[in-house]
Amino acid sequence: MTKKEQSWRRREQFIEDNGIICLQNVSKVYSKGSPAINGITLGIGRGEFVFIVGDSGSGKSTLIKLLLRELTATSGHVFVMGSDLEKLKHRQVPKFRRNLGVVFQDFRLLNDRNVYENVAFAQRIVETPAIEIRRNVPSILAMVGLAGKYKAKTKQLSGGEQQRVALARALVNNPSILLADEPTGNLDPKNSWEIMNLLDEINRNGTTVVVVTHNREIVNSMHKRVVTMKKGVIISDEEGGEYIDED
């Protein structure tokens, strides 16, 4: 076996051992200052539900951007669904992202369009046939409890309803992975729990879910795997973990 074949086999074995998301000794250094992420290794298995927690500046947002291929690592390797993200060409990135659903704190909806069109937009990007869009969009809106709101403009909705639209849009293409960056950050406790219960249901149906959050109550109540970051490194990784104090 050649050195190249040996290297390829080690990569395959690492992915097989560590899951659908694998970071291998990853660092990210911006133009100035200390590393935002400093030599972390992390594996997330297919079908897992994982919380990523830590104070501002701990590296959580940089981690999400690496997984989305908005950034590339300064060193180390980031594998998502078997792809080495550093080696993806620019033209390959949109196709890679089709297998990811993403939910943000600020919803990022199209405010000039109604609920149906916001969700259908995600399907049109990947060139889903119109007949399938007409079937898929009502189905996913029903799943998130918005079947009766499909004609409403997003500005007419409550914050919780807007986040449900964002969640429906993230899920309509049946992604393998759902990344949620502070999905309850702008919501009251009732709506926060409704969104988290939906994420839990989605995970039980087989989707890998990764949630970045500061919500201590939710993390401590759900008893999921909790990865805690501080100053660019992982300081704790616990199954059934809690939101730990870093001081």
Side-chain angles (χ1 to χ4, degrees), residues 19-21 23 36-37 40 42-45 47-68 70-71 100-109 118 140 143-146 154 157-171 175-247:
I20 194 170
I21 294 172
L23 288 84
I37 286 181
I40 69 171
L42 174 68
I44 296 175
E48 274 200 277
F49 189 121
V50 181
F51 284 116
I52 309 291
V53 303
D55 289 342
S56 297
S58 62
K60 305 185 307 298
S61 295
T62 297
L63 173 59
I64 291 294
K65 289 176 181 178
L66 288 170
L67 297 180
L68 283 170
E70 290 183 3
L71 299 173
L100 300 176
V102 188
V103 180
F104 298 98
Q105 177 178 348
D106 57 358
F107 315 139
R108 302 193 186 184
L109 300 177
N118 265 272
I140 201 73
M143 192 197 85
V144 300
L146 291 176
T154 58
L157 303 178
S158 68
E161 288 171 334
Q162 289 185 59
Q163 191 61 292
R164 287 169 181 263
V165 177
L167 186 55
R169 183 182 58 190
L171 293 172
S176 299
I177 300 170
L178 180 67
L179 303 175
D181 191 0
E182 299 286 359
T184 64
N186 287 331
L187 305 180
D188 61 34
K190 179 178 180 293
N191 281 305
S192 294
W193 273 112
E194 288 178 354
I195 291 298
M196 294 312 302
N197 288 333
L198 280 170
L199 292 177
D200 200 23
E201 179 183 349
I202 290 157
N203 174 248
R204 289 196 301 269
N205 290 332
T207 302
T208 303
V209 175
V210 180
V211 179
V212 169
T213 186
H214 282 99
N215 194 314
R216 182 184 301 269
E217 179 186 355
I218 283 174
V219 172
N220 291 349
S221 298
M222 291 186 70
H223 305 294
K224 303 293 187 180
R225 180 181 171 190
V226 180
V227 175
T228 304
M229 298 185 67
K230 182 176 183 179
K231 295 182 179 178
V233 300
I234 293 171
I235 63 169
S236 176
D237 185 349
E238 299 289 339
E239 295 288 347
E242 293 189 345
Y243 199 120
I244 65 174
D245 291 319
E246 298 178 27
D247 296 332

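On a predicted model such as this, the values are computed, not experimentally measured, just so you know.
- Heavy-atom minimum distance, Met229 versus Ser58: O-CB, 3.3 Å.
- Contact check for Gln162 versus Val165: no side-chain heavy atoms found under the 4.5 Å cut-off.
- With sequence neighbours left out, the side-chain contact (heavy atoms from CB on, under 4.5 Å) criterion links Glu70 to Lys65, Leu68, Arg97.
- In this structure, Asn215 has no side-chain hydrogen bond (donor to acceptor under 3.5 Å, both in side chains) partners at least two apart in sequence or on a different chain.
- Put simply, the side chain of Glu161 never gets that close to the backbone of Leu146: no donor and acceptor are under 3.5 Å apart.
- In this view, Arg164 and Glu194 satisfy the side-chain hydrogen bond (donor to acceptor under 3.5 Å, both in side chains) rule, not counting sequence neighbours.
- When atom types are taken as modelled, the side chain of Lys60 and the backbone of Thr228 share no donor-acceptor pair closer than 3.5 angstrom.
- For Gly101 against Pro175, the heavy-atom pair with the smallest separation is N-CB, 3.4 Å.
- The OG1 atom of Thr213 lies 9.5 Å from the CG atom of Asp181; values are rounded to the nearest 0.5 Å.
- Going from atom OG of Ser61 over to atom CD1 of Ile37 covers 9.5 Å, rounded to the nearest 0.5 Å.
- With rounding to the nearest 0.5 angstrom, the OG1 atom of Thr208 is 6.5 Å from the CD1 atom of Ile21.
- Residues meeting the side-chain hydrogen bond (donor to acceptor under 3.5 Å, both in side chains) test with Asp106, sequence neighbours left out: Arg108.
- The main-chain N or O of Val211 is never found under 3.5 Å from a side-chain atom of Glu182 such that the two would form a donor-acceptor pair.
- For Phe49, the ring pair (Phe, Tyr, Trp, His ring centres under 6.0 Å) partners are Phe51, not counting sequence neighbours.
- Listed by chain and residue number, Val103, Leu178 satisfy the side-chain contact (heavy atoms from CB on, under 4.5 Å) test with Ala170 (two or more places apart in sequence, or in another chain).
- Shown here for Pro183 and Leu199, the closest heavy-atom pair between the two residues is CG-CD1, 4.3 Å.
- Between Ile20 and Ser176, the shortest heavy-atom contact is CD1-CB, 4.2 Å.
- Here the CG-CG distance, from Asn205 to Leu171, works out to 10.0 Å after rounding to the nearest 0.5 Å.
- With sequence neighbours left out, the side-chain contact (heavy atoms from CB on, under 4.5 Å) criterion links Asp188 to Lys190, Asn191.
- In terms of modelled atom types and a separation under 3.5 Å, the side chain of His214 and the main chain of Gly54 share a donor-acceptor contact.
- Put simply, the side chain of Leu67 does not reach to within 4.5 Å of the side chain of Leu100, judged on heavy atoms.
- Put simply, the side chain of Ile202 reaches to within 4.5 Å of the side chain of Leu167, judged on heavy atoms.
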Solution key, residues 219-227 side-chain donor-acceptor pairs under 3.5 Å, sequence neighbours excluded:
residue: Asn220; atom: OD1; partner: Tyr243; partner atom: N; Å: 2.7
residue: Ser221; atom: OG; partner: Glu217; partner atom: O; Å: 2.8
residue: His223; atom: NE2; partner: Ser221; partner atom: O; Å: 3.4
residue: Lys224; atom: NZ; partner: Asp200; partner atom: OD1; Å: 2.8
residue: Arg225; atom: NE; partner: Asp237; partner atom: OD1; Å: 2.8
residue: Arg225; atom: NH1; partner: Gly43; partner atom: O; Å: 2.9
residue: Arg225; atom: NH1; partner: Glu48; partner atom: OE1; Å: 2.9
residue: Arg225; atom: NH1; partner: Glu48; partner atom: OE2; Å: 3.3
residue: Arg225; atom: NH2; partner: Gly43; partner atom: O; Å: 3.1
residue: Arg225; atom: NH2; partner: Asp237; partner atom: OD2; Å: 2.7

Next on the checklist: Walk me through whether Leu23 and Leu63 qualify under side-chain contact (heavy atoms from CB on, under 4.5 Å).
Outcome noted: CA-CA 10 Å; Leu23 288 84; Leu63 173 59; 3.4 Å; yes
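- Partners of Ser192 by side-chain hydrogen bond (donor to acceptor under 3.5 Å, both in side chains), not counting sequence neighbours: none found.
- Shown here for Ala36 and Thr62, the closest heavy-atom pair between the two residues is CB-OG1, 3.6 Å.
- Residues passing the side-chain contact (heavy atoms from CB on, under 4.5 Å) test with Thr154, sequence neighbours excluded: Leu109, Asn111, Asn118.
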